[in-house]
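This report concerns only the one structure given below.
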There are 2 protein chains.
Amino acid sequence: MTDQKEHLVLIFDNLIRMKNECSCSIFSACEISDITVKQINYLKVIDSHDEITFSRLAEITRNSKPTITEMIHKLDRMGCISRKSCPHDGRISYLYLTERGEMIARAEQNALQQVIERLIDSLDCHEIDLLIEILKKVR
Amino acid sequence: MTDQKEHLVLIFDNLIRMKNECSCSIFSACEISDITVKQINYLKVIDSHDEITFSRLAEITRNSKPTITEMIHKLDRMGCISRKSCPHDGRISYLYLTERGEMIARAEQNALQQVIERLIDSLDCHEIDLLIEILKKVR
DNA sequence: TTATAGTTAGGGATGGGCTAACTAATTATT
DNA sequence: AATAATTAGTTAGCCCATCCCTAACTATAA
């Protein structure tokens with residue numbers, strides 16, 4: 001029982017390490033080494049809201065509009081976002097992630113997917129089904 | 001196949017969410033809400049080196065000694081570390097984690113253990129063995 | 001004319017780092 | 001044994017980046 005637990009801890013430690021390696025290589029592929037947690041969070045908010053405006057982003061993140069302007073300029077200089085002005089209202093700009101911004105915003109999720117791909121490659125179809133059945137029971 | 005992958009992603013997403021919840025409750029149990037990533041890293045270094053000195057900590061983290069002095073004072077005020085002067089050499093202080101400091105340094109690891117305990121509780125002995133056998137194959 | 005979207009200017013708190021100069025303790029040298 | 005040199009940690013004073021703000025502005029729309 002204790003032995004099983006230790007065994008599982010080692011196995012999951014290894015899976016977590018694999019996932020970390022994947023996200024690290026995603027970040028280094030983006031050639032952005034000095035991005036901050038806050039900046040990544042802004043990218044995630046932009047990623048999860050289509051055609052978001054400065055004002056809306058300020059609202060969601062509970063910051064002032066000048067704060068957003070500054071942050072967007074920074075993320076723009078890093079090549080993570082682009083903006084397009086609204087054709088119907090010249091005051092409004094919509095924010096979009098660039099390919100690089102999207103990679104960063106989704107790095108963790110993509111790292112998980114890569115680990116699962118490796119997992120699928122290492123197992124046969126029956127084993128995968130079995131794994132799914134077992135892990136589905138965990139509550 | 002694609003279906004299996006999506007299924008596994010959902011399952012692992014859920015496990016990761018569970019682990020995050022565990023580490024969040026560990027941190028809130030420590031009643032430290034404004035600790036930083038850097039501070040946690042210092043705690044981890046202290047945790048992994050027995051009877052570490054200021055100078056050694058400066059060496060390992062590649063910082064100056066004044067930086068270490070300041071950081072240690074901060075972590076001390078947070079109740080995360082204690083120090084004891086060396087009985088044979090009055091210049092030297094050894095650093096130790098308090099119970100709280102240790103909880104923070106090991107939060108991630110303990111969160112993983114809690115998830116695995118839940119996993120073990122949800123499965124019977126045979127299923128656990130099967131799970132171990134399957135996941136051991138992942139490389 | 002008034003309201004709204006975003007910008008600019010200027011400021012400030014906080015975190016986390018530094019060097020130089022110091023004190024106290026230990027070790028080496030004369 | 002006395003003095004000099006070294007070492008551990010501290011203090012003072014500084015710097016810089018991040019991330020936030022308010023007030024005042026411009027341009028556009030209602």
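In what follows, every chain begins at residue 1, and chains take the letters A, B, ... in the order their sequences are listed.
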Query raised in the report: Using a distance-only test with no angle check, is there a side-chain donor-acceptor pair under 3.5 angstrom linking B:R83 and B:S93?
Result: yes
Report summary line: Going 5' to 3' through nucleotides 19-30 of chain D and flagging B where a protein heavy-atom sits under 4.0 Å of the base, S where only the sugar-phosphate is that close, and - otherwise, we get SBBBB---BBS-
Report task. Flag the pair B:K74 and B:E70 as a salt bridge only when some basic side-chain nitrogen lies within less than 4.0 angstrom of an acidic carboxylate oxygen. Result -> no
Query raised in the report: Would you call B:E108-B:K19 a salt bridge at under 4.0 Å N-O?
Result: yes
Query raised in the report: Got a second to check how far A:L130's CG is from A:E127's CD, nearest 0.5 Å?
Result: 8.0 Å
**Report entry** Spatial distance of atom CG (A:D47) from atom SG (A:C80) [nearest 0.5 Å]
**Finding:** 11.5 Å
Query raised in the report: Within the pair A:R83 and C:dT7, is there a side-chain N or O less than 4.0 Å away from OP1 or OP2?
Result: yes
Query raised in the report: Would one find a side-chain N or O of B:S55 under 4.0 angstrom from OP1 or OP2 of D:dG9?
Result: yes
Take the protein atom [atom1] of [X] and the nucleotide atom [atom2] of [N], then report the distance between them rounded to whole Å.
X	N	atom1	atom2	answer
A:H73	C:dG6	NE2	P	11 Å
B:N41	C:dG17	CG	P	10 Å
A:L75	D:dT18	CG	P	12 Å
A:I68	C:dT7	CD1	C1'	13 Å
A:Y94	C:dA5	OH	P	11 Å
B:E51	D:dA8	CD	P	16 Å
B:F54	C:dA25	CZ	P	16 Å

Query raised in the report: Do A:L131 and A:L119 come close enough that some side-chain heavy atom pair is under 4.5 Å?
Result: yes
Query raised in the report: Between B:T53 and A:D34, which is nearer to the 5' end of DNA chain D once each is assigned its nearest nucleotide?
Result: B:T53
